[in-house]
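Everything on this sheet refers to the single structure shown next.
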Amino acid sequence: VRDFYGGLPRLHYEKASVACPNDRKQAVTEFVARHADRFGAREVNSLDGVRLEFEDAWVLIRASGTQPLVRVIVEAEGEERMRRLLLEGGDLVRDAMR
């Protein structure tokens, strides 16, 4: 089992929240979906928020169902890549709030 897990890449995971009034969540989500091409993702899925798929990472931007927040969740093979995507995702949500 150790050999199996030892051969897997180490993934870095982080999430952040951006305050967003409940009545703006839908508009923010739609804005994010329209501007997701900023990231250059190989695939965009809008089933549950906006999920961006990359070769080495994924980003999920979705409205919280229980709090006035939009969450940005990132998992990437590299820590620097993860942090950059987290910042860019938060910036996109804040752009939508303007």
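Numbers here are sequence positions counted from 1.
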Legend entry - For Ala36 against Val50, the heavy-atom pair lying closest together: CB-CG1, 4.3 Å
Inset, instruction - Using a cut-off of 6.0 Å, state whether more than 12 heavy atoms not belonging to Phe4 lie near its atom CZ. - result: no
Inset, instruction - Given side-chain contact (heavy atoms from CB on, under 4.5 Å), test Arg24 with Met97 step by step and report yes or no. - result: CA-CA 8 Å; Arg24 302 264 329 264; Met97 300 286 294; 4.3 Å; yes
Inset, instruction - Report, as yes or no, whether the 6.0 Å neighbourhood of atom CZ on Arg34 holds more than 12 heavy atoms from other residues, nucleotides or ligands. - result: yes
Legend entry - Rounded distance [0.5 Å steps], CG in Leu92 versus CG in Leu85: 12.0 Å
Inset, instruction - Please check if any side-chain donor atom of Glu53 sits under 3.5 Å from a side-chain acceptor atom of Trp58, or the reverse. - result: no
Inset, instruction - Output yes when a side-chain donor or acceptor of Lys15 lies under 3.5 Å from a complementary backbone atom of Arg71, and no otherwise. - result: no
Legend entry - Separation of His12 NE2 from Glu80 CD (nearest 0.5 Å): 11.0 Å
Inset, instruction - Step by step, work out the salt bridge (Lys or Arg N to Asp or Glu O under 4.0 Å) result for Glu79 and Arg83. - result: CA-CA 6 Å; Glu79 185 174 3; Arg83 295 213 182 278; 3.1 Å; yes
Inset, instruction - Mind listing the closest non-hydrogen atom pair of Cys20 and Val70 along with its distance? - result: CB-CG2, 3.7 Å
Legend entry - Non-hydrogen atoms of Pro21 and Pro68 that approach each other most closely: CA-CB, 4.5 Å
Inset, instruction - Any chance you could measure Ile61, atom CD1, to Ile73, atom CD1, to the nearest 0.5 Å? - result: 10.0 Å
Legend entry - Arg81 NZ/CZ over Phe54 ring centroid, <6.0 Å and within 45° of normal: yes
Legend entry - Asn22 to Gln67 - nearest heavy-atom pair and separation: OD1-O, 3.7 Å
Inset, instruction - Could you please spell out the steps behind the salt bridge (Lys or Arg N to Asp or Glu O under 4.0 Å) verdict for Glu55 and Arg42? - result: CA-CA 8 Å; Glu55 192 69 35; Arg42 69 178 181 176; 3.2 Å; yes
Legend entry - Atom of Val93, atom of Val28 and distance for their closest heavy-atom approach: CG1-CG1, 4.1 Å
Legend entry - Closest heavy-atom pair and its distance - Glu14, Met82: CB-SD, 3.2 Å
